[in-house]
Structure formats: C-alpha cells, structure tokens
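The next block holds one structure in the form of structure tokens; read it before the comments.
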Protein chains: 4
Amino acid sequence: MPKLPARERATPRATSARPQPAAGSRGKRAAVRTAPKSRNAKSAATHAAIIDAALDEFAARGFAATRLDDVARRAGVAKGTIYVHFRDKETLFEELVRTALGPLLRGLEETPVADVPLRAFVEGLADHFVKEILGTRRKHIVRLIVTEGARFPSLAQIYYREVIKRAMVVVRGAVERAIARGEIEGDTLQRFPQLFVAPGILALVWDMLFARFEPLDAGALMRAQVDLVFAAIGKRRK
Amino acid sequence: MPKLPARERATPRATSARPQPAAGSRGKRAAVRTAPKSRNAKSAATHAAIIDAALDEFAARGFAATRLDDVARRAGVAKGTIYVHFRDKETLFEELVRTALGPLLRGLEETPVADVPLRAFVEGLADHFVKEILGTRRKHIVRLIVTEGARFPSLAQIYYREVIKRAMVVVRGAVERAIARGEIEGDTLQRFPQLFVAPGILALVWDMLFARFEPLDAGALMRAQVDLVFAAIGKRRK
Amino acid sequence: MPKLPARERATPRATSARPQPAAGSRGKRAAVRTAPKSRNAKSAATHAAIIDAALDEFAARGFAATRLDDVARRAGVAKGTIYVHFRDKETLFEELVRTALGPLLRGLEETPVADVPLRAFVEGLADHFVKEILGTRRKHIVRLIVTEGARFPSLAQIYYREVIKRAMVVVRGAVERAIARGEIEGDTLQRFPQLFVAPGILALVWDMLFARFEPLDAGALMRAQVDLVFAAIGKRRK
Amino acid sequence: MPKLPARERATPRATSARPQPAAGSRGKRAAVRTAPKSRNAKSAATHAAIIDAALDEFAARGFAATRLDDVARRAGVAKGTIYVHFRDKETLFEELVRTALGPLLRGLEETPVADVPLRAFVEGLADHFVKEILGTRRKHIVRLIVTEGARFPSLAQIYYREVIKRAMVVVRGAVERAIARGEIEGDTLQRFPQLFVAPGILALVWDMLFARFEPLDAGALMRAQVDLVFAAIGKRRK
DNA sequence: TATGAATGAGGATTCATTCAT
DNA sequence: CATGAATGAATCCTCATTCAT
C-alpha cells in the first residue's frame, strides 16, 4: 500500500546489480525448449509480446514519455501483467535493450575474420549494418541507445563492453592483419576504427530527423566511405 | 551530468555567451526604450536566465524528464515566472532550441567561402565544429536535436531548413569550385557532403554515451577523416 | 452547506436513494456476470460514491470552486480513482447531472395523464415537484442546472430536450384535453404552460438565497398559483 | 511578499464588516461632481471601466471562472490597476453587484404608489422589470444574484434587505389598499406577493438556459400572469 | 495612480505501481 | 499467471495578489 519515496523510483538506478534473475528462464528460447508445459509457453509468449510492444512504444516516444498503459494495450495484456514479467518500467526498458544485444553480437561473431581481405571484411560489416540493423526493427534499438543511453548509464556500459569494445577489437585485428599483409598503410584505421561506422550513425540520426525532407541512402553512404578509405590508404599495387 | 545543487546558480547568470541578453531586444514591444531600460532589461535578463537554466536541465534529463520546477530553481526564479515568458514547457523547449540557431548559422555565414582551397575550407569547418560547438554549451543543443528531434518535428524541420540544407549548399558549392579548380576529382563529395560531418556526429554521440569508458578526440577524428578524404580524391600530382 | 468533516463519510455510501447502485448495470461491459459480481459490484459502488460525493460538493460550491480533492475525500477514495471513472472534472459534472435525468423523467411519465381532470393533474405535478424534487437531494440537481447551466450548453440542451420540452408537451396535452372537455377556457395555458412551474422555480431560487431571512413555503406558493389559475379560467359551472 | 494562507482568500468572507470605505467617493457620480480635478475624473473613469468590464466577465463566466486578467484587458487597464481600485476579486464582485442596487431601487421608489389601481400598478412593475432589467445589462446583475448569491451570503442579505423586502412591502401595501378599495378579494396576494415576479424569474432563468432552443417572451408571460391574477381575484362586478 | 513582471499556493491531471480477485 | 480498479506522488499550469518602477 505505501508507495516508494518516488524520487527513488524515477531515477535510473545504475547502481543496483540487477541480477538478471534466473537468467533466460523465460526468454523466447526457453519457451521453445520447454514445449510440454503449455503454461510456460503462453507465459513466454506474453513476455515476448510485451517486449515487442515496448520496443514500438519506446522507439516512438522515448523512455519517459512512454506509458505502460499503451505498452499493455499494444501487447494485448492488462497493465498489471507487465509487472508479472518485469520489475518495473526501467527493468522492462533495460531488458528490452539488453535482449537485443544477442542479435547484434551474432553479426560480429559470425563474420568470417580470418584471412578475408580487409576491404571485403569491411564491406561485409557495412552490409550487415545496413541490412540487419538499419533495415529491421533492430534499428529502433540503436536509436534508443543513442537517444536514451545518456540517461541509462548501465545500458551504455553494457553496450560499450559487449558491442563497441568487441567490435573495435575485431576491426582493429582485421586492420592489423591487413597491414601485416601489406594491404593498407598508415595507422589511421588503428587509431580510429570508428571511421567505418561514422556514416552509419549519421545515417541513423539523419533518418530519425530528416528522412521526410530528404532521404539518405545509408548503404551508398557507407560504401562511399569505404571507397574513400581504400582509395586513400589502400596500397596501390600495380 | 548530475544536477547542480541549484542554489549555487540561483542568481540569473547574465554571464554566459548568450548573444542578445544585453538590450531589450526581446521585450514585448521593444518598449518605448525608457531611459534606464530598467524593467525591460530585468525582464530580458529573466527570460535569458530561464532559457539558460532550461538548456542545462533539458540537456541533462531530456525533455520529458525535466521538471520546470528545477528549471525555475536553477534560473533563480519562481515557478510561475516561467509562464510569464513561455506559454508552456514545449514552447520553452522549442524556443530554446530555436534561439540557438543564430549562433550555429553565424558559423556558416562567416566562413570565408570564396577562393579558399577546399581543404582549408573544410578544415576550417571541422575546426569550427569542434571548437565552437562540441567545445561549448552549444553542444547540448545539438544533443537535444539528436535525442529529442524525432518528437519535435517542427524543430527537426527548422533545423533541416535553416542549418542542414544551407550547410549542404555551402559545402557542395565549395566542392564544385574545387573540382572546377582541379583540386579534387570524382563526385563522391557532391553526392555525400555529409561525409564531412559524420565523424563529428559520431563523436558527439560517443561523447554522450561512452566518454567515461574511452574518451574520443573529436578533433583528431575529424582531421583523420579530412586526411583520408584528400588522400583519396585530392589530385596528387605535383 | 458547510463541508462535512469528510472523514465521517469516508465509506462509500451505498445507502442513499441512488437508483442503480445495486447491480453491475454500469460496468464497462456489464461483465460476464461473474458469480459474486465482486469486482464489478465494487467498481460500481465506487462510481456511485463518487457521483454522490460530487453532487454534494458541486451543489455546495458550484462547478469551478469545487475541488476534486474534496470530492475524493468525501467519496472515501483516492484522488486518482476519480479519473478511473471519469475523464475529467467536466465529465464528472455532466455525467452527474445527466444521471439525475432518469428520476426527474420518471415523475413525468408515471403521472397518470389520461382522463384526470386538469386541476387534479396539475396539483399532482406541483405535489411531485415539491415532494420529489424540492424535498430531496434532487433539488441540488435543479439548482446546478440553474446556476451552472449557462456554462454547460450541452447540459442545458439535454435538459431542454429531455425534460422541458417533454414536460411542456405533456402539460399542453392535458390542457388541450381539458379545453375539449370544457373544463377551462382561453388559450393562456396553451401558450404558457410555464406558468405552472414559475412559482416552483421562484421557490427554488428563493430557497437558495433568502431562506434564512424568510422561509417560503414552496408547496403553498404553488397551490396558490394553481388556485389562481383555476379561479381565473376554470369554467364556473354552477 | 508572503501570501495569504490562501484558504482564507478563497472562501467568501461574509463576516468581515467590509466598511464600504468612504462610500461613493469614486462612483461615477463623484466624477461628475468633481469635474475640476482631472486626475480624479480619470481615476473615476478607470474605476467605472473596471466595474463595467467586470460585469461582462462575471456574467459570462461566473465569479470563480472569471480571470481578473480578462477583466483588466477588457477594461483596457493593467492587471495591477484593479488592485488600486478594489481590495480583491471578491470586493470587486460585491461592489459591482452592490453598485447596481441603486438603479434597481430607483424603479421601486419612483413608481407612483398612491392611488393607482392595483392592476395599473402591477402592470407598471412588470413593465419596468421587462424594460429596465431584462432588457438591459442590468439583467446580468440579477443573473449573478441568482447564480452566485448562494456563495455570497452578504450579497444575498443585502439584496434581501434592500430590494426584496422593500419590494414586498411596497407590493403588499398596494395590495392592501386595493383590498380596502374593493378592487380585489382574498388574501392570496398578501401572502404571496412573489406571484407577481415568479414569471419574471422564470423568464430570466429560461433566457439563460433555453433561449436558443425556444425563446420566451418575458413581457407576454408576465402580462399573462397579471391577467390570470385579476381574472381570478379582481372583483368582477361592474 | 498606473503598470506589468514576479510570485507561489492551489488544483487538475497523469501514470507507475500495487493488490485483491 | 492474469486482471484492472485503486492508489497517490509527481508535475504542469493557473491566477489572485504583490511590489518595484
């Protein structure tokens, strides 16, 4: 009956070691595994429906302006049901964003790294970014990171640790091997692997804000950047 | 960006580099210009203090999570005073962001365009972006456009029309003259003038989210991009 | 009409002669009529308690000066609960007044019209007005119509359509039949059926304003008017 | 600087012996009298303009919903100016209503009472009511008494004492003389002089609420009532 | 006197969260 | 698990009133 002091509710609690309780115990995949119990399956479906609806709402309105009421309506459940699945609004938001990590990471991990020429590797990356992120609802996740990340330090940290840093390691590795193989010269790309994504981020932001005035072809932009980069530092054999 | 103790900034700060805080340039009717312009001057100062405080608060928390109560406290005025100067929260926000247009535009307009070599021109732009925007509180304005723009279509439109489009026209013009002068080749930059800002936007976003884990030198990043671009398409005879 | 200590009426009073408080007659969908109709029943009781409390408050203070806070306290619910049942203050007010239509109408419809002598009919009406309206809390509804109606055109319209016009039709019909039967002469009452209620309205207004200085017996006043009318236009048989 | 406890502000203070300070010292007439001092004249004009504007606003919105801001705007003065002339909103309202007493009373006092036949006397009254009250802006005053009087006991009292009681004395006197002269019979009119005004009040209320659906001719209604009354109790020999 | 910017208590409304069913 | 009515803290906004000019 007594409510929390409120102030404590409203502030993003970056501190609490949210234990991700009984991890994956009701993730979509869990449902697939435990086919027998119809109750679990239905519950998992509900869980997924909420996350799904939440993505739409959060993406459209931002964290603060999103009403759980709307999420519930969109998910086709009662408001209270959300609290059966998530501790609170913040947890829902964070879990939603965190849930989307997997798919993003998979792209990285599955990209063949070994002895692919750097250019091919980088083109693969750009392609993946455009097709698998900008071209799908995953785009909203990246949007949310960009627009809400500053208010959710724990999310920013997770993304830094799980996505950004890893991606930079992978790209730097590829760059180093390319240098070793004599494909490129200079240290620009080792220092700033971000140069490969910069156009992608710009395209994302552009899309959020200016698409209706002037569309921007993210793929073409990223390809142009790759062209520039390799025209600049690719060793001109021949 | 934790909330300042507020009391520490309780007095209207007429200090900040805000452009028109001096005169009664904003008074309802520019007044009859009474001798000591006392009332108008104070009113204008209040107006400015509110905008100033609002910038801090909105930047730190985003539109929805900002309490006008805090804005008032930070501006050193009573809650109601905000409503003497702005119809409502939204109007305050929009006017705040719109007010910042001037300074951003001035950078564009004052940049010597004429017969500067493209590289010098572009380096000037990058420099300006880093020093005058990322290096000042104006950075917050760009942040707000990025994070809130999607929810304020009219603002996005204004920025597209007044800043983005104009900037693109200017850059494209410079690029064309450079081509005409034989400085560069190819049409990449005509098609994607955005390539020059992309690293700047990425740096801004990076700064919002990941600065505390790994700082990113925006200036160096932008310079690296300029280097790449001119290494790639600058005519390299001579 | 001083505000009750509120705490004294903290519990939803299902007692008062409110017509449909019993069943789930108002529940969103009349429900599937679950066995003990527990939730719906409680909800309906809450709804009724709010309307009930609102009547008291609005009657005592008028629309604008009434605080929903007080309504909530008097109804024994939390402030927010009001908004579960009514969109806003205005809706609550209108629904409250509209809700009271039924009982007022019933008086009209149940009055035997057929072949009663006009005088008996009219005395019945006056009696009903005094006993069932001026003598009950329904009086407040008529007060509210009189004092707030001008600011709520939709209410005035509803009352005109549902009460006034219908009542005038009924009375005119009775008058015409009385003429046909040779009970009365002249067309005054056909043209101004309002003459029968005028003393009632005056009594209502008098009661609001001057009762404490000089009480006015509404019943006697209305009877006097009826006497006058029939002394004037009743055919003096004999 | 500190504000009143507010609760004390909002409640109609019927108690305080508002001293009606230096009565009439700035009423319109005062202005006419003190022609020389232009400052007084202007001040009186301002005073009158405010009262005038206030009548419109209060009549249109009721006491609580009227904003002094609007009154000021309509009067063509600054908000603060109102407080130069009136202690507060309530005082303005009460003074406004009280100010209108004079004209209403004058009607009573100037009506020749002496030996006019009752019917002529009463027709004169009705005529006066229709022409001088319902037909002018004074109608708004009566409206305000009806709609706000319950919340302003001191006003109700004043009106009872100054208008209602006096009028009843006058009418009763006329009735008694008429009886003495053998014009009418019975004691109905002595007991209920209100019967003469009832149609007027009904017409006023009707006008506030239902005029747009079905206009009501107040004059005709009142005349019909007078006809009825005299048809009923006028001695009809001769 | 007149002005109108400033004040701040008050009140309507929202919405995350709880909990009895 | 699911529901949705109930809760009440939080916040926007209004407006009577004050006061320095």
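Looking at the side chain of A:A78, the nearest of the listed nucleotides F:dT7, E:dA6, F:dG4 is F:dG4. Checking E:dT13, E:dA16, F:dA2 against the side-chain heavy atoms of C:K79 singles out E:dT13 as nearest. Side chain of C:L68, nearest nucleotide from F:dA20, E:dT13, F:dA6: E:dT13. For D:Y83, the side-chain atoms get nearest to F:dT17 when compared with the rest of E:dT1, F:dT17, F:dA6. Side chain of A:S43, nearest nucleotide from E:dG4, F:dA5, F:dC1: F:dC1.
For the atom pair CD (A:E148) and CZ (A:F58), the distance works out to 8.5 Å, reported to the nearest 0.5 Å.
The CG-P distance, from B:N40 to E:dA5, rounds to 8 Å in whole Å. What separates CZ of B:R73 from P of F:dC12 is a distance of 11 Å, to the nearest Å. The NE2 atom of D:H47 sits 16 Å away from the C1' atom of E:dA2 (whole-angstrom rounding). Regarding C:D69, its CG atom lies at a distance of 12 Å from the C1' atom of E:dT13, rounded to whole Å. Atom P of nucleotide F:dC12 and atom CD of B:E90 are separated by 13 Å, given to the nearest angstrom.
Projected onto DNA chain E by closest heavy-atom contact, A:A64 and C:A64 fall at different nucleotides, the more 5' of which corresponds to C:A64. With the nearest nucleotide of DNA chain E identified for both D:G76 and C:D88, D:G76 has the one nearer the 5' end. Of the residues near DNA chain F, C:I82 and B:G80, the one whose nearest nucleotide (by heavy atom distance) lies more toward the 5' end is C:I82.
Every residue two or more places apart in sequence or in another chain that forms a salt bridge (charged side-chain N to carboxylate O under 4.0 Å, His left out) with D:D69 is listed here: D:K79. With sequence neighbours left out, C:T81 forms a side-chain contact (heavy atoms from CB on, under 4.5 Å) with C:T46, C:I50, C:V77, C:A78, C:H85. With sequence neighbours excluded, the residues satisfying salt bridge (charged side-chain N to carboxylate O under 4.0 Å, His left out) with B:E94 are B:R98. Listed by chain and number, the residues in a salt bridge (charged side-chain N to carboxylate O under 4.0 Å, His left out) with B:D88 amount to none (sequence neighbours excluded).
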Would you give me the side-chain donor-acceptor pairs under 3.5 Å for residues 60-68 of chain A, sequence neighbours excluded?
residue, atom, partner, partner atom, Å
A:R61, NH1, A:E57, OE1, 3.3
A:T66, OG1, A:E57, O, 3.1
A:T66, OG1, A:G62, O, 2.7
A:R67, NE, A:D70, OD2, 2.9
A:R67, NH2, A:D70, OD2, 2.8

_side-chain contact (heavy atoms from CB on, under 4.5 Å) between B:F93 and B:L144, worked out_ = CA-CA 10 Å; B:F93 181 71; B:L144 285 173; 4.0 Å; yes
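In terms of polar N and O atoms assigned as donor or acceptor, the side chain of D:K89 never comes within less than 3.5 Å of the base of F:dT17 in a complementary pairing.
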*Which dot-bracket string describes DNA chain E (Watson-Crick N1-N3 plus N6-O4 or O6-N4, or G-U N1-O2 and O6-N3, all under 3.5 Å; [ ] crossing; | other strand)?*
.||||||||||||||||||||
